[in-house]
There are 2 protein chains.
Amino acid sequence: MSHIPGVRQAQKQKTRQALLDAALELLEGQSLSSLGLREVTRAAGVAPTAFYRHFRSIADLGVALVEEALGSLHPTIRTTVSTTGDGEERIARALELIAGHVDAYPAHVRFIARERHGGVRPVREAIHRQLGLFTAEVGEALAKDPVSAGWSEEDVLMLAQLYVDLMLGTASLLLEAPASEPGARERVSRMAARQMRLIGIGRTHWLDRPGGDR
Amino acid sequence: MSHIPGVRQAQKQKTRQALLDAALELLEGQSLSSLGLREVTRAAGVAPTAFYRHFRSIADLGVALVEEALGSLHPTIRTTVSTTGDGEERIARALELIAGHVDAYPAHVRFIARERHGGVRPVREAIHRQLGLFTAEVGEALAKDPVSAGWSEEDVLMLAQLYVDLMLGTASLLLEAPASEPGARERVSRMAARQMRLIGIGRTHWLDRPGGDR
DNA sequence: CCTTACGGAGAACAGTTGTTAACTGCATGG
DNA sequence: CCATGCAGTTAACAACTGTTCTCCGTAAGG
């Protein structure tokens with residue numbers, strides 16, 4: 001199966017990608033639940049009925065967009081977490097990577113932030129599933145750090161969740177920061193850096209509470 | 001002006017409220033940007049044209065919904081923050097209040113979580129404006145605590161933002177926790193409690209970093 | 001009591017929506 | 001080289017959308 005790409009399959013993928021791209025662009029100004037099938041095909045330069053050759057429905061296309069968007073986010077998160085250096089360096093590097101990703105894939109970031117709590121159930125579920133995987137991955141990386149010695153698995157996961165949420169929230173804020181005033185981005189970054197710093201401090205003192213873990 | 005309510009004004013407010021209620025209910029399964037004017041009036045039992053007597057557009061209605069939803073959230077946040085007792089008690093009490101609010105106004109919570117990053121600009125802005133006020137308010141309460149002695153105003157605000165985001169995120173998770181498995185709610189609460197605990201620890205050690213505040 | 005102002009209803013509009021069916025052309029595999 | 005399968009098109013459908021204009025009943029204010 002899938003022998004050689006083939007002229008046929010290649011053209012199909014091309015149209016499919018055109019649909020995804022058109023949808024993503026249209027989604028900058030609205031939510032997925034208001035996106036129309038005809039609207040998408042029109043923007044993609046394709047007949048309305050061609051849509052059905054690729055997706056069963058708009059919700060289906062949305063799920064495909066989740067894969068695409070979080071696929072591009074995956075390597076970024078991985079390198080963000082596994083950066084070396086002391087705390088302050090890691091924070092700076094992480095913020096650079098986030099800002100870079102926002103610049104490279106603004107529409108993807110917007111899509112995920114918007115549809116994470118959006119009105120289309122299957123898409124919401126797909127996002128939460130993927131973010132769960134990210135959280136687990138981040139948790140794994142955190143567990144390797146000597147600071148995490150003696151931590152329960154549940155505690156590592158709650159820390160990972162805190163970081164993932166913060167990253168997504170920061171990315172969304174960076175996206176909405178008006179390009180008119182460049183100071184806005186700086187302000188968001190500095191705020192996020194402080195928050196990461198505070199979480200880091202809480203992390204290093206997590207086990208010296210009265211009663212220890214639990 | 002506004003002499004006595006008057007039969008006339010009272011009926012108008014009643015219809016207006018019917019529109020808001022109908023919209024809020026319809027929004028449980030979709031986003032604001034896909035909500036139709038006719039859809040709302042139909043659900044409210046009113047002619048389509050009556051809509052224009054109350055709102056200029058659906059976006060306008062959305063902004064009104066923001067006021068309503070965050071008006072009901074306001075007292076909850078206030079009491080949450082100003083709870084007395086030691087750290088652990090405060091966390092438990094805060095989580096109770098959040099869970100109580102989610103049960104009392106589920107549609108409001110869903111609306112805010114969804115439209116915070118939603119596809120309708122004016123609504124997004126209204127939410128961010130209101131959340132900014134909440135953050136400032138929380139910050140004010142935090143500043144009064146002796147633990148915050150020596151904190152810069154900016155640091156207090158970043159902590160407040162951390163708390164507000166955590167509260168909203170937790171509320172949203174509680175909302176999506178399936179009623180079929182009651183353990184899900186518990187799990188969400190326990191996770192949120194740990195996160196609040198960690199942030200609290202970071203807070204108490206914020207100033208004993210090498211270099212202190214800056 | 002009588003006029004005015006206003007909340008709401010009704011009908012009509014041009015435009016758009018999702019989905020169906022029947023088609024065309026051409027790359028593919030035997 | 002030819003028959004098959006499939007990506008994409010065209011045409012048509014009933015249903016629905018937001019908005020305008022015109023009308024109606026009645027509470028409000030003099």
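The sequence lines fix the lettering, A, B, ..., with proteins before strands; numbering per chain opens at 1.
Residue pairs meeting the side-chain hydrogen bond (donor to acceptor under 3.5 Å, both in side chains) criterion with at least one member in residues 125-137 of chain A, sequence neighbours excluded: A/Glu67-A/Gln130, A/His74-A/Glu137, A/Arg78-A/Glu137. Counting only residues at least two apart or on different chains, the side-chain hydrogen bond (donor to acceptor under 3.5 Å, both in side chains) pairs with a member in residues 15-27 of chain B are B/Gln17-B/Asp21, B/Gln17-B/Glu68. Screening residues 52-63 of chain B for side-chain hydrogen bond (donor to acceptor under 3.5 Å, both in side chains) gives no qualifying pairs among residues at least two apart or on separate chains. Note on residues 38-50 of chain A: no pairs pass salt bridge (Lys or Arg N to Asp or Glu O under 4.0 Å), not counting sequence neighbours.
Rounded to whole Å, atom P of D/dT9 lies 10 Å from atom CD of A/Gln11. Here the P atom of nucleotide D/dA7 and the CD atom of A/Gln9 are 8 Å apart, to the nearest Å. Residue A/Lys14 contributes atom NZ, which lies 14 Å from atom P of C/dA27 at whole-angstrom precision.
Heavy atoms of B/Ala50 sit under 4.0 angstrom from primed sugar atoms or phosphate atoms, though from no base atom.
For B/Gln161, the side-chain hydrogen bond (donor to acceptor under 3.5 Å, both in side chains) criterion is met by A/Gln195, not counting sequence neighbours. For B/Arg185, the side chain to side chain contact (heavy atoms under 4.5 Å, CB included) criterion is met by B/Ala99, B/Asp103, B/Leu174, B/Ala177, not counting sequence neighbours. Residues satisfying the salt bridge (charged side-chain N to carboxylate O under 4.0 Å, His left out) criterion with B/Glu88, sequence neighbours excluded, are B/Arg197.
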Listing time: all N or O pairs from protein to nucleotides 3-6 of chain D that are below 3.5 Å?
from	atom 1	to	atom 2	distance (Å)
D/dG5	N2	A/Arg8	NH1	2.8
D/dG5	N2	A/Arg8	NH2	3.1
D/dC6	O2	A/Arg8	NH2	2.4

N/O-N/O pairs, protein side and nucleotides 14-21 of chain C side, under 3.5 Å:
from	atom 1	to	atom 2	distance (Å)
C/dT17	OP1	A/Arg42	NH2	3.3
C/dT17	OP2	A/Arg42	NH2	2.5
C/dG18	OP1	A/Leu37	N	2.6
C/dG18	OP2	A/Leu37	N	3.2
C/dG18	OP2	A/Arg38	N	2.9
C/dG18	N7	A/Arg38	NH1	2.5
C/dG18	O6	A/Arg38	NH1	2.8
C/dT19	OP2	A/Tyr52	OH	2.7
C/dT19	O5'	A/Tyr52	OH	3.3
C/dT19	O4	A/Arg38	NH1	3.2

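If you check C/dA9, D/dG8, D/dT10 against the side chain of B/Ala47, the one that comes closest is C/dA9.
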Salt bridge (charged side-chain N to carboxylate O under 4.0 Å, His left out) evaluation trace for B/Arg194 with A/Glu154 = CA-CA 9 Å; B/Arg194 280 166 207 252; A/Glu154 217 173 353; 3.2 Å; yes
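OP1 or OP2 of C/dG8 has at least one side-chain nitrogen or oxygen of B/Thr15 nearer than 4.0 Å.
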